[in-house]
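Here is the structure we will look at.
Protein chains get the first letters and strands the later ones, always in sequence-line order, with residue 1 at the start of each.
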Number of protein chains: 2
Amino acid sequence: MSRRRASIPAPSVTRLPIYHRVLRQMASRRVTTVSSLELAEEAGVNAATLRRDLSHLGTYGTPGTGYEVEHLLDAVDRALTLSREWPIVIAGAGDLGRALSRSRGFTTGGFRVAALVDVDPARVGTVVNGVLVRHLDELDEVVRLEAIRLGIVATPAASAADTVTRLARAGVRSILNFAPAIVTPPERIVVRNVDLAAELQMLAFYAARAELDESPAAPTSLPGRLRSPG
Amino acid sequence: MSRRRASIPAPSVTRLPIYHRVLRQMASRRVTTVSSLELAEEAGVNAATLRRDLSHLGTYGTPGTGYEVEHLLDAVDRALTLSREWPIVIAGAGDLGRALSRSRGFTTGGFRVAALVDVDPARVGTVVNGVLVRHLDELDEVVRLEAIRLGIVATPAASAADTVTRLARAGVRSILNFAPAIVTPPERIVVRNVDLAAELQMLAFYAARAELDESPAAPTSLPGRLRSPG
DNA sequence: GCATGTGAACACATTCACAGCA
DNA sequence: TGCTGTGAATGTGTTCACATGC
């Protein structure tokens, strides 16, 4: 059994979590088998795209029948490495950081808020959802101790770049950045930006277009998963 | 002066907010002129891509010189229709909904939280950041009264689909969905999903890859603006 | 017969490279 | 000379369509 070499295309990776969710729901509904057509419909993607995506994980389908839900769910789970524990550090214990800490989004997979850091003395020492807020200076120690590889930046924009640098230096490999700042990540660090202002601006663009323009042209799919009917 | 017909490609639209931000910073630094190379560097994109993106807005550059910052900023502002008022409704006044209400992300452009709705009697009637939380049943009225076209879904996953339908029916055209659910939007409605669980799963994928695989292959850019060094 | 997995065609976005203009 | 704007080339993801195998 050899490690899969061919890297999975990025757009495909962004869809895997969707399939994972749909499959989980199907499994909980005791659905045993599903065709690429059904699965694609539920996930809101083209059936060929779905089959191509799954083919990157290996061969899990049965011609003439479809996919075994449990089996496929396992495969996606393994591809995303969700079976292992994923401790996370959240930098920034403001409104957003605290809201994220309490979020349900972590329950799926082995995600767990293992650490919260901030620089504000008023926040350091407080406890959010059972996690002690530490000072940013303790970052290295905490990350090493807990073997943290995933980080979330929920700081003000001005601190974002520095925070990303510190996280990377501490050993964090992938970062979800909620701060409205353009961050140029260090070598080999993957940063994904979730930018409320940018999202709203895009939505405004399309809303404005919908208003003054009754023509279609609304794109079916957009980078980052914008959805609109075909 | 005719309305621009050619629709701007979706990937280009996702980058406009980035340019907008960089240009704003430059303007505040009293920079008057900028070349595509400098601007592209700051925004983290290829210079040719930047020029192509800007060419969709019209002709704003001067060969041999570059772009006038203020002038270009205006152009991007106009393209994104940020000069007008954009009242927003947030559905769901839980931790996340309240955190978003207080967020700084709205300050850019004419975004303003005009309404907050929820179904929980314990939340309805409370005031968040100066905005009264109303019951979901009042949605139609509020949206019509305030001429709201933008909505944010911050409800539990189970309610997301229904909430999107209601928002659309009330007159909202573009929706930012924070609920971890796959939403198939109604005709002509644009939905953009911000899915914490999905984002973490993707990040886990790349973090795992970085660990067991010292080879490069980390993608330079990913849909939805994942960033990693070239 | 029926659905997978995939070669091949297609559709785009990105990037190069340069003509043209300040 | 320097930089824009854009044809053309490239690279990549999506989709079609079907050979293959259950």
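- In terms of heavy atoms, B:A99 sits closest to A:A99 at CB-CB, 3.8 Å.
- For the pair B:Y60 OH and D:dT4 P, the interatomic distance rounds to 16 Å; values are reported in whole Å.
- Of the candidates C:dA22, C:dT15, D:dT15, C:dT15 carries the atom nearest the B:T49 side chain, counting heavy atoms from C-beta on.
- Classification of B:R24 and B:E70 as a salt-bridged pair fails, no side-chain N sitting under 4.0 Å from a carboxylate O.
- Summarising the geometry, the separation between CG on B:L72 and P on D:dC3 is reported as 16 Å, rounded to the nearest angstrom.
- Place A:S35 and A:R52 on DNA chain C by their nearest nucleotides, and A:S35 ends up nearer the 5' end.
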Exercise for review: Take A:R112 and A:E85 through the salt bridge (Lys or Arg N to Asp or Glu O under 4.0 Å) test and state the conclusion after the steps.
Suggested key: CA-CA 8 Å; A:R112 174 176 62 88; A:E85 260 281 305; 3.0 Å; yes

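- Side chain of B:S36, nearest nucleotide from D:dT4, C:dT15, C:dT6: D:dT4.
- Relative to the side chain of A:A48, the nucleotides C:dT14, D:dT4, D:dC16 differ in distance, and D:dC16 lies closest.
- Going from atom CG of B:L54 over to atom C1' of D:dC3 covers 13 Å, rounded to whole Å.
- One finds a side-chain N or O of B:N46 lying less than 4.0 angstrom from the OP1 or OP2 phosphate oxygen of C:dC16.
- Using a 4.5 Å heavy-atom threshold, the side chains of A:F111 and A:L82 count as touching.
- When distances are taken from the side chain of B:P63 to each of C:dT15, D:dG2, C:dG5, the shortest belongs to D:dG2.
- Residue B:Y67 places none of its side-chain N or O atoms closer than 4.0 Å to OP1 or OP2 of D:dG2.
- Judged purely by atom type and a 3.5 angstrom limit, A:S28 uses its side chain to pair as donor or acceptor with the backbone of A:Q25.
- Atom pair B:L39:CG and D:dC3:C1' shows a separation of 13 Å (rounding to whole Å applied).
- Of the candidates D:dG13, C:dT4, D:dT14, the closest approach to any side-chain atom of A:R15 belongs to D:dT14.
- Of the candidate nucleotides D:dC16, C:dA13, D:dA17, C:dA13 has the atom lying nearest to any side-chain atom of B:P9.
- As a whole-Å value, the separation of A:E41 CD from C:dA3 C1' is 16 Å.
- Residue-level contact check: B:S12 touches neither bases nor backbone, having no heavy atom under 4.0 Å from any strand.
- Atom-to-atom, CG of B:L50 to C1' of C:dA13 comes out at 15 Å; the value is rounded to the nearest Å.
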